[in-house]
Amino acid sequence: MEKRDHIETREEYRTKENEVQEWSAYQKLSDNVLFTSLDKILNLGRANSLWYLLFGTACCAIELMQTGGPRADLDRFGSVFRPTPRQCDLIIIAGTVTLKMASRIKILYDQMPEPKYVISMGSCANCGGLFDLGYSVLRGIDKVIPVDVYVPGCPPRPEALTEGLLVLQQKVKNEKFLVKEKKSI
Amino acid sequence: METLHTRLQEKFPNAQVTFANLEAGDHYIIVDTAHLHSIISYLKIDEHYTILMCLSGAEDSEFLQSVYHLFSESSRKKVTLKVRLPKDNPEVETIGDLWPGAYFFEREAYDLFGIIYKNHPDLRRIMLPEDWIGHPLRKNYIDPIQYQDINNERAYPCDVPNVTEKK
């Protein structure tokens with residue numbers, strides 16, 4: 001019924017002599033077509049499907065699991081975990097990184113396809129945190145791979161990590177994907 | 001434990017076996033390095049201290065130590081043995097032939113203290129990477145600032161004394 005009404009109104013418009021052609025076209029297409037720029041539509045898709053690597057190095061990983069769980073539910077932002085770095089857009093460094101692990105994380109990061117993003121989760125990954133004085137602890141993951149978003153906390157609550165993801169989404173949406181700047185370590 | 005100590009002295013007259021009686025904490029027996037393996041073997045077989053609870057390393061001002069905690073299920077008693085090793089050449093016989101699980105404890109003590117366990121079939125680092133330099137729980141150990149191609153210097157100076165920052 002609604003469809004028929006719509007066609008009738010369109011025909012009414014056609015009968016009017018002074019109606020602008022473009023307006024008519026807009027009426028025809030308004031239900032199905034979205035006008036936007038290429039960057040925006042690409043970024044919309046990328047920002048809402050940030051798949052993250054199923055990877056954690058210490059106790060922050062427990063909070064990461066909670067964030068992926070039903071209560072905080074990272075899935076509603078289109079972010080789901082993948083078990084291989086080759087399918088991931090995002091790696092969340094959750095926990096203390098030792099020097100032994102740092103080179104492994106570098107390998108994982110290198111295996112991810114571009115464009116790729118990094119969230120540093122918790123004090124340990126940000127700067128060494130509680131274990132800063134340890135002989136084997138890396139003092140911040142940004143010494144090894146470039147970081148997009150730092151989430152403070154020890155550990156951060158699931159809400160904080162969700163906020164971190166939203167900030168990252170905002171960053172992705174503002175990128176010019178077709179002319180991407182090079183990241184530097 | 002004092003009776004055990006007298007028994008050990010009777011059984012091993014050549015070995016130096018001293019008993020440390022502490023006001024607090026567990027008492028322990030300090031054993032001669034050369035006779036360690038035979039004493040522990042005697043404790044396991046004849047005295048029925050069948051369980052090796054823990055094998056660890058320690059360092060005090062003069063010596064490195066290898067510490068053995070044994071437990072007897074039949075008599076419900078524990079005994080702590082210590083071996084004192086010189087810091088420049090810390091070598092002691094392995095007890096992995098009595099408890100194969102001890103090989104892993106010994107690898108850890110080697111990793112963190114640099115204690116060499118003779119006749120160990122596979123004495124290499126267990127937790128730190130293989131190209132790590134030094135043994136971190138030694139008192140004179142200085143934390144590395146550079147590891148492989150990672151510069152691990154902290155961004156802000158640290159006020160805590162005796163840690164890192166000295167090159």
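Every chain is numbered from 1 and lettered A, B, ... according to where its sequence line falls, protein lines coming before strand lines. Note that these values count all heavy atoms, side chains included, but never hydrogens, waters or copies made by symmetry.
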Check whether the side chains of B:Ser75 and B:Ser72 place a donor and an acceptor atom closer than 3.5 Å, and report yes or no.
yes
Checking B:Tyr42 against B:Arg7: is there a side-chain donor and acceptor pair closer than 3.5 Å?
no
Chain A neighbours within residues 127-138 of chain B, where any heavy atom lies under 4.5 Å away:
B:Met127, B:Leu128, B:Pro129, B:Trp132, B:Pro136, B:Leu137
Within the side chain of B:Glu73, is there an N or O that forms a donor-acceptor pair under 3.5 Å with the backbone of B:Thr50?
no
Spatial distance of atom NZ (B:Lys118) from atom CD1 (B:Ile115) [nearest 0.5 Å]:
13.0 Å
Donor-acceptor pair between A:Asn126 and A:Ser120 side chains, under 3.5 angstrom:
yes
Are A:Asp89 and A:Tyr52 close enough that a side-chain donor and a side-chain acceptor fall under 3.5 Å?
no
